[in-house]
There are 2 protein chains.
Amino acid sequence: MSSTLGYALLGLIARRPRTGYELSQALRVPVGYFWTASHSQVYPELVRLEAERLIRGTVVPGPGPRDTKRYDITADGRAALAEWVTTPVSDAPPRSEELLKIYSIWLADPSRARTMIAAELARHRTQLARYEALATEFEQAAPVAATQPGFGDVATLRYGLTYERHFIDWYEWLSDQLR
Amino acid sequence: MSSTLGYALLGLIARRPRTGYELSQALRVPVGYFWTASHSQVYPELVRLEAERLIRGTVVPGPGPRDTKRYDITADGRAALAEWVTTPVSDAPPRSEELLKIYSIWLADPSRARTMIAAELARHRTQLARYEALATEFEQAAPVAATQPGFGDVATLRYGLTYERHFIDWYEWLSDQLR
DNA sequence: TGATGCATGTAACTGGTTACATGATTTT
DNA sequence: AAAATCATGTAACCAGTTACATGCATCA
């Protein structure tokens, strides 16, 4: 196997069996806070994963009008996923359009630049608030061991939280510089 | 105009005229620390930018065997770039394969997980050291106004620096959790 | 009766990566 | 003599986005 999307799907199915529709819905919001996909990507990928015997689909009567297919992970799928998570990530740095804009911010009109930065700050503060609300929920629940699925949620949420805080700090510094 | 790559190129050319080859070289290392491209993307994009009169190319004798084309930004190009940098970024969250792996780390063999995390920590520490060396250089130079090209470098480097520190803190927390 | 949700697909297009191609000059 | 650098392109492929298509059930 190869594609990152495939592993994103395996990661979801490994937690509990799901239908293609449910997986498509889940991927509209970023999995682990940093991966999205559209349903037009999901359905063909599920076909590929099943062909490779990493997941198994069984037709069940759906809650909607049509029958639906519920996918479950196989032993092979679980092994493939467990192996993938510990292989080194590609060393290509992540792309950021946001940073690329700041690279050329020096030639923008200063008042427009300040407006733009204020808008980005607001956006990141909203996101931070969302993460903080989730974090509060998590803290009230029982602590999770590192071998429980919930650990993935806690760890990625913690990253999201500090990621947004760091972004906000930086934008605050930036808006200071433009004053 | 539209493509992000086009704006990355404009951002470089706005600082000083460059040849296609020089631009390809510059983009092998991420511009603003967060955007790369290969030469096979750069050359066609330069043709498009010139067709839109955002840049102007003049043939000059190159340092190598072939003649080369040196591109300079036009008034239109500068205006397009200045406008783009203050328009809101797409609200799609950035993708991160790294985070997606952590989302499923719970089902990995714990000792392999620890090894992987140690490797990622080392990678981020190396990157941080690189950024810190650059930051020291910048601090020794004269301070730059927000309307000077150097401001883009200083601001993006500052982001890179805190980004890596934040990543390192998070991985340290993570390796604590796995112990 | 019109919108929303359930449910699954295909097609066209865009952006990016990898590989292939060519050929002169300079350095080892 | 071979490798690296200069210099610029094309082609094939892969991943991801947007749009198109269908049709039933439920709710406002």
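To find a chain, count down the sequence lines: A is the first, B the second, and so on, and within it residues start at 1.
- Axis angle between the ends of the helix from C:dT1-D:dA28 to C:dT28-D:dA1, five pairs each and rounded to 10 degrees, works out to 30°.
- No side-chain donor-acceptor contact under 3.5 Å links B:Ser104 to the backbone of B:Lys101.
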Only distances under 3.5 Å count here; give the side-chain donor-acceptor pairs of residues 112-120 of chain B to other protein atoms, sequence neighbours excluded, each with its distance to 0.1 Å.
residue	atom	partner	partner atom	Å
B:Arg112	NH1	A:Thr86	OG1	2.7
B:Arg114	NH1	B:Leu178	O	2.8
B:Thr115	OG1	B:Ser111	O	2.9
B:Glu120	OE1	B:Arg123	NE	2.9
B:Glu120	OE1	B:Arg123	NH2	2.8

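- Legend: salt bridge (Lys or Arg N to Asp or Glu O under 4.0 Å) pairs involving residues 134-160 of chain B, not counting sequence neighbours, sorted by first then second residue: B:Arg15-B:Asp153.
- Judged as a ring-ring contact (aromatic ring centres under 6.0 Å, His included), the pairs with a partner in residues 68-125 of chain A (not counting sequence neighbours) are, in order, A:Tyr7-A:Trp84, A:His124-A:Phe167, A:His124-A:Tyr171.
- A search for salt bridge (Lys or Arg N to Asp or Glu O under 4.0 Å) contacts involving B:Glu22 returns B:Arg70, not counting sequence neighbours.
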Using a 4.0 Å cut-off on protein heavy atoms (strictly under), produce a 5'-to-3' string for nucleotides 12-21 of chain D with B for base contact, S for backbone-only sugar-phosphate contact, and - for none. ---SSBBB--
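- Screening residues 125-153 of chain B for ring-ring contact (aromatic ring centres under 6.0 Å, His included) gives B:Tyr33-B:Tyr131 as the qualifying pairs, with residues at least two apart or on separate chains.
- Every residue two or more places apart in sequence or in another chain that forms a salt bridge (Lys or Arg N to Asp or Glu O under 4.0 Å) with B:Arg165 is listed here: B:Glu132.
- A sub-4.0 Å separation between OP1 or OP2 of C:dG9 and a side-chain N or O of A:Tyr43 is absent.
- A:Glu52 meets the salt bridge (Lys or Arg N to Asp or Glu O under 4.0 Å) test with no other residue; sequence neighbours excluded.
- Contacts of B:Tyr21 classified as ring pair (Phe, Tyr, Trp, His ring centres under 6.0 Å), with partners at least two apart in sequence or in another chain: none.
- Distance A:Glu45 CD to C:dT10 P: 14 Å, rounded to the nearest Å.
- Residues meeting the salt bridge (Lys or Arg N to Asp or Glu O under 4.0 Å) test with B:Arg28, sequence neighbours left out: none.
- For residues 20-33 of chain A, proximity to DNA chain C is found at A:Gly20, A:Tyr21, defined as any non-hydrogen atom under 4.0 angstrom from a strand atom.
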